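Predicted, not measured: the structure shown is a model, and the values here were computed from it. Order of the sequence lines sets the chain letters (A, B, ...), proteins ahead of strands, with each chain counted from 1.
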Amino acid sequence: MPAKGYVEIFVEGCKGCNLCVINCPTDCLALKTSETNSYGLHYAYMRDEDNCIACQNCAVICPDAAITVYKKAS
Amino acid sequence: MKEGYKLIYQKPKTLRKKRMHYCPGCFHATTHKLTMEVVEELGIQEKTIGVCPVGCSVFAYDYMDVDMQEAAHGRAAAVATGIKRMHPDKIVFSYQGDGDLAAIGTAETIHACNRGENFTFIFINNGIYGMTGGQMAPTTLEGQKTTTSPYGRDPKKVGLPLKMCEIVSQFDAVAYVERVSCNTPANARKAKRAIKKAFEYQIQGLGTTFIEVASNCPSGWKCTPEESLEWLKEKVFPYYPLGIFKNPEEK
Ligand SMILES: Cc1ncc(C[n+]2csc(CCOP(=O)(O)OP(=O)(O)O)c2C)c(N)n1
Ligand code: SF4
Ligand code: SF4
Ligand code: SF4
Ligand SMILES: [Mg+2]
């Protein structure tokens, strides 16, 4: 079954604070520890694309508004 | 966009594209975002005037895409008073740190509240002077170490931390006072609702509206953003409880 939602994270806008990661109820997000953006910061990405429930928690908590959320059209 | 999906959240258009200079995880950024979401939702971008302080948020005018006026340190409430009196049809807010609002600007804050000036305070209380390198503020907690209280704040010498919501809610002319935070998605949603209510009460002309954000300063507190959330829960909220202190709907 396709996921209920997915998010896009603006890599250059992310500061790697990790707040989205710890606030995702389905543990979909992680910091890319092997790569950095041009500011030298590890950025968040969708680690698991199958379990996003489009709850927007990550977008609400993200200080830098780096997250866009999409929901499955019903 | 992937096929079969629809957009449900994006950065508000009232927040400029420019990258904010705040440290990772800083609630200044969260509060800018939430305030601008409210401005977008209420459709008041052309009618809103903000007053920004001296402190980390001194460049707030670069990020929030509404008319903004910079005030000298601590003077935002006086400047906002002048703007609102000249433009009573505009939605006016001051955006101030704790050093700005509750130290150098205490007189302006108290008297604007006592006069019931019809604008909204957005008060970022991170218990420290973030911008200047982490000095003790009037709001620094008892025992909290800062660069100017290296052994921890000693109330015998400098008093206990000032509780601004508790103080300003005593004034008859103040309409609405709430302390919020952005430490969880639920609390950030509540913070946004509080800012929205404050702007709506201001539009109704009810008097001063005062929103305190129990905020963080990972850099000044010398911790990670995640650790700052723990500090808020364990140390800040017991002394600075979240909630509504004055509600015009209960009058
Ligand atoms: C008249 C004056 N006195 C002192 C300063 C130095 N100064 C700059 S910001 C600041 C305090 C900022 O603390 P706060 O208002 O809590 O803002 P934060 O950076 O924590 O958000 C001080 C004392 C100044 N710029 N002008
Ligand atoms: S929308 Fe909810 S489930 Fe999806 S990534 Fe964000 S926090 Fe996780
Ligand atoms: S909350 Fe925002 S800035 Fe922080 S890691 Fe997640 S996407 Fe990056
Ligand atoms: S010094 Fe503190 S208040 Fe200033 S931007 Fe950094 S974390 Fe935020
Ligand atoms: Mg401060």
Side-chain angles (χ1 to χ4, degrees), chain A residues 1-33 36-44 46 48-74, chain B residues 1-37 40 56 63-64 124 181-193 213 215-219 223-230 232:
Chain A
M1 204 178 76
K4 281 193 188 138
Y6 75 99
V7 303
E8 279 170 1
I9 299 173
F10 175 45
V11 169
E12 289 297 294
C14 171
K15 293 179 182 164
C17 70
N18 211 40
L19 296 187
C20 57
V21 176
I22 62 172
N23 279 292
C24 173
T26 53
D27 204 16
C28 291
L29 306 173
L31 290 189
K32 251 221 163 64
T33 46
T36 65
N37 61 18
S38 72
Y39 298 94
L41 297 165
H42 296 300
Y43 54 87
M46 271 205 112
D48 170 0
E49 300 201 346
D50 300 329
N51 288 303
C52 172
I53 54 169
C55 68
Q56 304 183 42
N57 273 6
C58 53
V60 169
I61 204 80
C62 177
D64 290 274
I67 303 181
T68 308
V69 187
Y70 300 90
K71 187 178 179 182
K72 197 164 175 285
S74 45
Chain B
M1 200 193 315
K2 288 188 197 168
E3 205 185 317
Y5 288 85
K6 59 174 194 247
L7 175 72
I8 56 166
Y9 178 86
Q10 66 180 341
K11 177 174 177 160
K13 294 198 171 66
T14 39
L15 196 61
R16 290 209 171 94
K17 291 224 157 53
K18 190 164 184 173
R19 187 175 194 270
M20 294 190 265
H21 70 281
Y22 302 112
C23 307
C26 177
F27 291 1
H28 267 305
T30 325
T31 309
H32 283 24
K33 178 189 72 171
L34 298 175
T35 306
M36 288 303 106
E37 284 178 9
E40 184 172 62
C56 277
Y63 310 132
M64 302 199 224
I124 305 296
S181 190
C182 304
N183 64 314
T184 61
N187 278 346
R189 288 182 170 101
K190 270 194 200 161
K192 179 176 165 182
R193 272 201 294 277
V213 182
S215 197
N216 66 348
C217 177
S219 296
C223 64
T224 64
E226 281 179 70
E227 286 163 352
S228 79
L229 306 188
E230 289 305 307
L232 278 166

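- Heavy-atom distances place both the backbone and the side chain of Lys6(B) under 4.5 Å from chain A.
- Counting heavy-atom pairs closer than 4.5 Å to chain A, the top residue among Lys192(B), Met20(B), Arg189(B) is Arg189(B).
- Looking only at heavy-atom pairs under 4.5 Å with chain B, the residue among Asp64(A), Leu19(A), Asn57(A) that has the most is Asn57(A).
- With hydrogens and angles ignored, the 3.5 Å screen pairs a side-chain donor or acceptor of Lys33(B) with a backbone N or O of Val60(A).
- With hydrogens and angles disregarded, a donor-acceptor distance shorter than 3.5 Å links the side chain of Asp48(A) to the backbone of Asp50(A).
- Both the backbone and the side chain of Ala54(A) come within contact range of chain B, each with at least one heavy atom under 4.5 Å from a heavy atom of that chain.
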Fill in: Evaluation steps, side-chain contact (heavy atoms from CB on, under 4.5 Å), between Ile124(B) and Thr31(B)
CA-CA 8 Å; Ile124(B) 305 296; Thr31(B) 309; 3.7 Å; yes

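- Inspection of non-hydrogen atoms places Ile22(A), Asn23(A) of residues 20-29 of chain A under 4.5 Å from chain B.
- Residue Cys58(A): no heavy atom, backbone or side chain, is found under 4.5 Å from chain B.
- The candidate from Lys11(B), Lys2(B), Met1(B) with the greatest count of non-hydrogen atom pairs under 4.5 Å with chain A is Lys2(B).
- Under the side chain to side chain donor-acceptor pair (under 3.5 Å) criterion, Tyr9(B) pairs with Glu37(B), not counting sequence neighbours.
- The main-chain N or O of Lys32(A) is found under 3.5 Å from a side-chain atom of His42(A) such that the two form a donor-acceptor pair.
- Glu40(B) contributes a side-chain N or O that, together with a main-chain N or O of Lys13(B), makes up a donor-acceptor pair within less than 3.5 Å.
- The part of Ile67(A) that comes within reach of chain B is its backbone (N, CA, C, O), which places non-hydrogen atoms under 4.5 angstrom from that chain.
- Comparing Gly16(A), Cys14(A), Pro2(A), Cys62(A) by how many heavy-atom pairs each has under 4.5 Å with chain B, the most go to Cys62(A).
- Side-chain atoms of Tyr63(B) and Met36(B), non-hydrogen and from C-beta on, never get closer than 4.5 Å to each other.
- No side-chain donor-acceptor contact under 3.5 Å links Tyr39(A) to the backbone of Gly13(A).
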Exercise answer: donor-acceptor pairs, residues 22-30 of chain B side-chain atoms, under 3.5 Å, sequence neighbours excluded:
from     : atom 1 : to       : atom 2 : distance (Å)
Tyr22(B) : OH     : His32(B) : NE2    : 2.7
His28(B) : ND1    : Tyr95(B) : OH     : 2.9

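- Side-chain contact annotation: Glu49(A) with Tyr6(A), donor-acceptor N/O pair under 3.5 Å absent.
- For a residue to count as touching a neighbouring chain, one of its non-hydrogen atoms must lie under 4.5 Å from one of that chain's; by this rule Phe10(A) does not touch chain B.
- Residue Asn183(B) touches chain A through its backbone alone, counting heavy-atom pairs closer than 4.5 Å.
- Within the structure, every pair that satisfies the salt bridge (Lys or Arg N to Asp or Glu O under 4.0 Å) test and touches residues 17-27 of chain B, not counting sequence neighbours, is listed here: Lys18(B)-Asp62(B).
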